[in-house]
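Only one structure is covered here, and it is reproduced in the block below.
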Amino acid sequence: GASIMSDDAYGHLATVTGATWGIQGRTFDGDDKITIPNHASIDITTGDFSIGAWANLTSAADYRTIAWKSGADNGVGSYYIRFEITSGYFKGGINAAGDVGVVDTTNHVNTGWHLYFMTVDRDSATGLKIWVDAVDMGTQDPTAVGSISNADSLRIGFFRAVGYPFVGGIGEVFFYKDRLITQLEQQQIYQTTK
C-alpha cells in the first residue's frame, strides 16, 4: 500500500513511494522511498542510540542510503547508515558541524542479505560502532559531536533532495533511542529475523 505503520508504541505512519513489497521486505529500484515524519521518538539530540536494518545491496553506482535523518542537504544535523559510492562499503555516521563516521572495507554489492547496525555511545571515545551480521566492523569517536537534532523526516532508501537512492532490498528497520543494542542482542536479532 501507500503507507505502513511502525511496530512500536508510537505507530508512526510512513509514506511509501514505490518500494514494492515482497516476502523479504521492500524492493528499491533507485527512485523509491519510505518517509517517516519527524517525531520526538526518532529525533536525537546528544543521547545514545542504535539504528539498523536488513539490506541486500545490488548496486553501488551512487551512495546508497538505508536510512538517513538530516536537517540539511549537506548532511549537517544528521544520523545515517548507508553504502559508499562505487565501493559498496558500509558506513554509519553522525554529523553536527562535521561528519563523524566509520566505514568498513567490504564490498557488499550482490552479497545477499545482511544485518547492518550502527550503535552510538556519545560518552565513549570508541562509542560509534558499525556492525555487519553482529560483527564489529570498526569504531570512531563521537564525543565531540554536538546535538544532531533536526525537524526533518526519517527517510528509508534515500537522502533528501540530493537523492543517494537505495537499489536492492531493505527488510526490517530497527531504531532504538537512548539505548545501545549490544553484540549479543544483535546476534539474537540476527537469529530470530534472518
For the hydrophobic clusters of this structure (ILVMFWY residues joined by side-chain heavy atoms under 4.5 Å, transitively), does one cluster hold both Phe174 and Trp131? yes

Any donor-acceptor pair under 3.5 Å linking the side chain of Asn150 with the backbone of Gly77? yes

Indicate if Val120 and Val135 have the same hydrophobic cluster label, given that clusters are the connected sets of ILVMFWY residues with side-chain heavy-atom separations under 4.5 angstrom. yes

Grab the two heavy atoms, one from Leu128 and one from Val102, that are nearest each other, plus how far apart they are. CD2-CG1, 3.6 Å

Got a second to check how far Met137's CE is from Thr105's OG1, nearest 0.5 Å? 6.0 Å

Test of ring centre spacing under 6.0 Å for Tyr79 and Phe175: yes

Any side-chain heavy atom of Glu172 within less than 4.5 Å of one from Asp7? no

Return the CD to CG distance between Gln191 and Asp133, rounded to the nearest 0.5 Å. 10.0 Å

Which pairs, with at least one residue in residues 87-106 and sequence neighbours excluded, count as a ring pair (Phe, Tyr, Trp, His ring centres under 6.0 Å)? Phe83-Phe90, Phe90-Tyr116

Does any non-hydrogen side-chain atom of Phe159 lie less than 4.5 Å from one of Tyr80? no

If you group Ile, Leu, Val, Met, Phe, Trp and Tyr by side-chain heavy-atom gaps below 4.5 Å, do Phe28 and Val167 land in one group? no

For the student: nearest non-hydrogen atoms of Lys129 and Asp136, plus distance: NZ-OD2, 3.8 Å

Given the rule in the side chain to side chain contact (heavy atoms under 4.5 Å, CB included) test, do Trp54 and Lys194 qualify, once you have shown the distances and angles that lead to the verdict? CA-CA 8 Å; Trp54 279 100; Lys194 70 177 180 177; 3.6 Å; yes

Okay, side chain of Arg122, backbone of Val145: is any donor-acceptor separation there less than 3.5 Å? yes

Under 3.5 Å, is there a donor-acceptor pair between the side chain of Ser50 and the main chain of Arg179? yes

Can any side-chain N or O of Ser6 pair as donor or acceptor with the backbone N or O of His12 at less than 3.5 Å? yes

Mind checking what makes salt bridge (charged side-chain N to carboxylate O under 4.0 Å, His left out) contact with Asp43, not counting sequence neighbours? Lys69

Counting distance only, does the side-chain N/O of Arg64 pair as donor-acceptor with the main-chain N or O of Ile85 below 3.5 Å? no

Is Thr119 reaching over with its side chain to a backbone N or O of Leu180, donor-acceptor style, under 3.5 angstrom? no

Verify the cluster assignment for Met118 and Tyr190: are they in a single hydrophobic cluster under the rule of side-chain heavy atoms below 4.5 Å apart? no

Heavy-atom side-chain contact between Thr65 and Arg155 under 4.5 Å: no

Closest heavy-atom contact between Ile189 and Leu115? CG2-CD2, 3.9 Å

Any donor-acceptor pair under 3.5 Å linking the side chain of His39 with the backbone of Ile36? no

Who pairs with Phe158 by ring pair (Phe, Tyr, Trp, His ring centres under 6.0 Å), at least two apart in sequence or on another chain? none

So, taking the atom named CG in Leu57 and the one named CD1 in Ile170, what distance separates them when rounded to the nearest 0.5 Å? 9.5 Å

For a side chain to side chain contact (heavy atoms under 4.5 Å, CB included) check, start with the C-alpha distance between Val103 and Glu84, then their side-chain angles and the critical distance, and finish with the verdict. CA-CA 8 Å; Val103 183; Glu84 293 292 272; 4.0 Å; yes

Shortest non-hydrogen contact from Ala60 to Val109? CB-CG2, 3.5 Å

Can you tell if the side chain of Asp48 reaches within under 4.5 Å of the side chain of Asp178, non-hydrogen atoms only? no

Between the main-chain N or O of Ala72 and the side-chain N or O of Ser70, is there a donor-acceptor pair closer than 3.5 Å? yes

Output for pair (Asp141 CG, Ser124 OG), nearest 0.5 Å, gives 7.5 Å

Locate the shortest heavy-atom distance separating Val132 from Asp104; write the atom from each residue and the value. CG2-OD2, 3.9 Å

Side-chain heavy atoms of Arg82 within contact of Ile66, under 4.5 Å: no

Could you state the interatomic distance from CG (Asn38) to OG (Ser149), rounded to the nearest 0.5 Å? 7.5 Å

Salt bridge present between Lys177 and Asp8 (N-O < 4.0 angstrom): no

If I take atom CZ from residue Phe117 and atom CD1 from residue Ile51, how far apart are they, to the nearest 0.5 angstrom? 9.0 Å

Using the rule that two of Ile, Leu, Val, Met, Phe, Trp, Tyr join whenever any of their side-chain heavy atoms come within less than 4.5 Å, decide whether Ile42 and Ile181 are in one cluster. no

Closest heavy-atom contact between Gly146 and Thr46? C-CG2, 4.0 Å

